[in-house]
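Okay, so here's the structure we're looking at.
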2 protein chains.
Amino acid sequence: MPVVQNIRLTVDAVVFGYIPREGIVVLLIKRTIDPYLHSWALPGGFVLDDESLETAVTRELLTEAGVNINYLEQLYTFGLPGRDPRGRVVSVAYFGLVNPTNFKLAASSDAEDASWFNIKDLPSLAFDHATIIDVAVQRLRNKIRYEPIGFELLDKKFPIADLEKLYETLLDRPIDRRNFQKKINHLGILIAHNEKQKQVSQGRPAKLFSFNEEQYFKLKKEGMAFEI
Amino acid sequence: MPVVQNIRLTVDAVVFGYIPREGIVVLLIKRTIDPYLHSWALPGGFVLDDESLETAVTRELLTEAGVNINYLEQLYTFGLPGRDPRGRVVSVAYFGLVNPTNFKLAASSDAEDASWFNIKDLPSLAFDHATIIDVAVQRLRNKIRYEPIGFELLDKKFPIADLEKLYETLLDRPIDRRNFQKKINHLGILIAHNEKQKQVSQGRPAKLFSFNEEQYFKLKKEGMAFEI
DNA sequence: CAGGAATGAGTTACATTTACACGAATTTTA
DNA sequence: TAAAATTCGTGTAAATGTAACTCATTCCTG
């Protein structure tokens with residue numbers, strides 16, 4: 001049993017957001033230290049000896065990008081020797097969802113810059129972060145088949161069309177508007193409001209909805225089969 | 001940036017097997033060193049500086065229990081401070097499936113004993129290994145909803161009833177024999193043979209089947225919706 | 001060789017999904 | 001100011017898939 005190892009541990013966060021007419025975006029920061037100085041990378045860093053992995057991720061997200069996140073889950077641990085030029089570094093990657101309009105990104109001392117990038121148009125990335133994002137995108141695409149998605153990504157009140165467009169973006173195919181509405185209603189996770197959408201587009205303004213949090217999280221916990 | 005950490009890294013393996021009239025079993029070893037000396041625990045141990053995580057797991061499985069495994073996937077990383085009395089130890093847990101009849105367990109130098117335990121009747125376990133097994137059992141139960149399961153767990157040739165019983169065990173509820181057969185046939189992953197089951201039970205002997213590996217792994221890769 | 005036991009191949013009723021149509025509310029254009 | 005364009009909201013019929021069930025077949029046992 002090797003009592004002394006020469007392995008270090010980091011965490012990285014893949015935080016996704018949804019911007020209605022733009023698509024799925026991911027949070028990246030610009031590095032201020034070597035290696036990969038000035039490269040775009042996932043927010044993350046070394047784990048402190050006495051903090052949990054989750055604490056490490058939320059700490060790094062706050063200090064590097066000014067983002068306070070409420071939904072976070074573990075994604076995968078990347079441990080191939082050689083993935084970091086400094087030596088053996090194993091990274092536990094996390095997966096998060098936020099509504100980008102809730103934050104103004106604050107590139108703090110630890111990062112030169114912080115910004116949202118469309119996942120279809122990513123810059124060249126540090127380390128194996130491109131691979132990590134690939135795995136996270138897969139997870140996101142699978143998630144919508146067995147869990148409701150939207151609460152973390154959309155505004156408090158939204159027209160159903162926004163939710164539908166989110167699903168179309170993730171599934172990368174058109175969905176029948178009317179059948180989608182029926183299925184969502186059947187899940188009982190939406191609350192109708194007596195407000196209408198402000199005139200952002202032409203045509204009849206849509207009713208606004210919000211999520212029934214209790215029902216939403218109940219479904220999320222139990223799992224559901226949601227084939228659109 | 002802390003250049004020096006005091007965190008060590010281990011891997012642990014949750015290897016499941018299926019024993020037809022008994023149920024789902026998990027591989028445990030009896031520890032020969034402190035802490036938790038003589039306790040039952042998951043096979044695993046410290047990662048070497050220059051080996052991949054997968055290599056570390058397969059190495060430990062071989063040396064501690066004599067098990068050579070072909071199906072292994074990463075499960076989850078457990079990193080709560082305090083989970084190991086020796087200090088900060090983060091463990092990457094893996095999830096494996098084997099047919100227990102293919103091995104005779106060999107408790108080698110690193111383990112006092114190695115044995116299969118029914119998941120419904122586990123002994124008291126070292127560290128947080130009971131939690132790790134819980135997470136693995138959940139993964140197993142979820143898996144059968146979107147991936148074919150059986151190839152790794154059953155004999156080369158088997159009657160459909162064996163596969164059905166496996167599903168009944170995992171889902172913990174009865175399944176209609178005839179509908180199950182129709183659905184499985186519809187997936188096209190079974191090859192019928194002109195052999196019949198030897199007289200282990202009374203009644204009409206069943207035809208034997210094997211998996212169409214090509215179709216099986218294609219489905220596994222693509223994912224499927226398989227609601228029984 | 002009759003009865004018990006489990007397999008193998010349907011059939012039918014029901015539920016779910018898919019495809020598609022039209023009127024209502026609002027903005028834009030002529 | 002009226003007609004056209006656009007988007008929202010609701011409904012229905014056909015197709016498909018699932019669940020429950022019937023019955024004949026094959027083999028072992030007594």
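Keep in mind it's a predicted model, so treat the numbers as computed, not measured. Convention: sequence-line order gives letters A, B, ...; per-chain numbering from 1.
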Checklist entry - So how far off straight is the helix from C:dC1-D:dG30 to C:dA30-D:dT1, going by the axes through five pairs at either end, to 10°? => result 10°

Checklist entry - Ignoring hydrogens and angles, does a donor from either the side chain of B:R178 or the base of D:dT22 sit under 3.5 Å from an acceptor on the other? => result yes

Next on the checklist: Quick check on D:dA19: is either OP1 or OP2 less than 4.0 Å from any side-chain nitrogen or oxygen of B:K183?
Outcome noted: yes

Next on the checklist: Is B:K182 close enough to D:dA19 that one of its side-chain N or O atoms is under 4.0 Å from OP1 or OP2 there?
Outcome noted: no

I need the [atom1]-[atom2] distance between [X] and [N], as an integer number of Å.
X: B:F226; N: D:dA19; atom1: CZ; atom2: P; value: 11 Å
X: B:N179; N: C:dA15; atom1: CG; atom2: C1'; value: 14 Å
X: A:F180; N: D:dT10; atom1: CZ; atom2: C1'; value: 17 Å
X: B:L187; N: D:dG17; atom1: CG; atom2: P; value: 13 Å
X: A:N194; N: D:dG9; atom1: CG; atom2: P; value: 12 Å
X: B:I175; N: C:dA6; atom1: CD1; atom2: C1'; value: 17 Å
X: B:H186; N: C:dA9; atom1: NE2; atom2: P; value: 16 Å
X: B:H193; N: C:dG8; atom1: NE2; atom2: P; value: 14 Å

Next on the checklist: So that I know where these two stand, are B:F211 and B:F158 an aromatic pair - ring centroids less than 6.0 Å apart?
Outcome noted: yes

Checklist entry - Does A:E73 have any side-chain contact (heavy atoms from CB on, under 4.5 Å) partners at least two apart in sequence or in another chain, and if so, which? => result A:Y71, A:F95, A:R139, A:K143

Counting only side-chain heavy atoms from C-beta out, which of [options] sits nearest to [X]?
X: A:Q181; options: D:dC27, D:dT10, D:dC8; result: D:dT10
X: A:Q202; options: D:dT6, D:dT22, D:dC8; result: D:dT6
X: B:R204; options: C:dA25, C:dT18, C:dG8; result: C:dG8
X: B:D176; options: D:dC21, C:dG8, C:dA19; result: D:dC21

Checklist outcome for this item: Interatomic distance, CD1@A:I119 vs CG@A:L170, rounded to 0.5 Å, equals 7.5 Å

Checklist entry - Which distance, rounded to the nearest 0.5 Å, do you find between the CG of B:L208 and the NE2 of B:H193? => result 8.0 Å

Next on the checklist: Set out, in order, the CA-CA distance, both residues' side-chain angles and the distance that settles side chain to side chain contact (heavy atoms under 4.5 Å, CB included) for B:F16 and B:V26, then state yes or no.
Outcome noted: CA-CA 5 Å; B:F16 289 116; B:V26 63; 4.1 Å; yes

Checklist entry - Would you say B:R173 has more than 12 foreign heavy atoms packed within less than 6.0 Å of its CZ? => result yes

Next on the checklist: Is it the case that over 12 heavy atoms from other parts of the model lie below 6.0 angstrom from the CD atom of A:E214?
Outcome noted: no

Item to check | Residue whose closest nucleotide on DNA chain D lies nearer the 5' end, B:E227 versus A:F209 | outcome: A:F209

Checklist outcome for this item: Judged by nearest nucleotide, the residue sitting upstream toward the 5' end of DNA chain D, A:G203 or A:R177, is A:G203

Next on the checklist: Pick the closest DNA chain C nucleotide for A:K196 and for B:I160 by heavy atoms, then say which residue is nearer the 5' end.
Outcome noted: B:I160

Checklist entry - Angle class for the A:Y216/A:F151 ring planes (parallel below 30°, perpendicular above 60°, tilted otherwise)? => result tilted

